[in-house]
Amino acid sequence: KINTINSQEDIENYQNKNYSKEDVINIIGSPLVTEDSDNLWIYRMEKEQGNATFKKSIYNKTLKLRFDENVLRSVEEINLN
């Protein structure tokens with residue numbers, strides 16, 4: 001679900017928009033994990049290139065999205081490569 005750069009760019013511009021939780025789900029899908037009374041959403045984003053024999057991970061990140069009163073307030077990106 002969250003494997004396109006366009007979706008990530010949409011979320012990275014969150015400060016100019018007041019994304020609700022529903023908006024985020026429509027853009028990048030449901031979170032992998034929710035914590036902190038459903039105000040912390042965690043997504044894992046991975047993109048691989050190649051075939052079944054030779055796969056290379058070219059994109060491997062975790063996104064932490066924080067909400068306050070149903071509005072996206074912060075996005076933290078953790079690069080795992």
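Computation of the quantities below employed the complete heavy-atom set of this structure, encompassing side-chain atoms and omitting hydrogens, waters and symmetry-equivalent molecules.
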Taking salt bridge (Lys or Arg N to Asp or Glu O under 4.0 Å) as the definition, give me every residue that meets it alongside Asp36, ordered by chain and number, with sequence neighbours left out.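 Checked Asp36 against salt bridge (Lys or Arg N to Asp or Glu O under 4.0 Å); matches are Arg66.
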Problem set entry | Residues forming a side-chain hydrogen bond (donor to acceptor under 3.5 Å, both in side chains) with Ser20, sequence neighbours excluded |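 Applying side-chain hydrogen bond (donor to acceptor under 3.5 Å, both in side chains) to Ser20 gives Glu22, Asp23.
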### Message
If the test is salt bridge (Lys or Arg N to Asp or Glu O under 4.0 Å), which one of Arg44, Lys61, Lys64 qualifies with Glu77?
### Response
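By the salt bridge (Lys or Arg N to Asp or Glu O under 4.0 Å) criterion, Glu77 pairs with just one of Arg44, Lys61, Lys64: Lys61.
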### Task
First locate atom OG1 of Thr34, then atom CZ of Phe67, and finally report the distance between them rounded to the nearest 0.5 Å.
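One gets 10.5 Å once the value is rounded to the nearest 0.5 Å.
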Once you round to the nearest 0.5 Å, how far does CG of Leu72 lie from OG of Ser74?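 The distance works out to 7.0 Å.
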Supply the members, apart from Ile42, of the Ile/Leu/Val/Met/Phe/Trp/Tyr cluster built from side-chain contacts under 4.5 Å; use none for a lone residue.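 Same cluster as Ile42: Leu32, Val33, Leu40.
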query: Testing Ile27, Val75, Leu65, Val71 for side chain to side chain contact (heavy atoms under 4.5 Å, CB included) with Tyr19, which one passes?
result: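 Exactly one pass, corresponding to Ile27.
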Taking Lys21 for its side chain and Asp38 for its backbone only, find out whether a donor-acceptor pair lies under 3.5 Å.
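Yes; judged by distance alone, with no hydrogens or angles, the pair exists.
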For a quick test of reading the model, state the closest non-hydrogen atom pair linking Tyr43 to Gly29 and the distance between them.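 Minimum heavy-atom contact is OH-O, 2.7 Å.
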Listed by chain and number, what are the side-chain contact (heavy atoms from CB on, under 4.5 Å) partners of Glu69, not counting sequence neighbours?
->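 Once residues adjacent in sequence are excluded, Glu69 has no partner under the side-chain contact (heavy atoms from CB on, under 4.5 Å) criterion.
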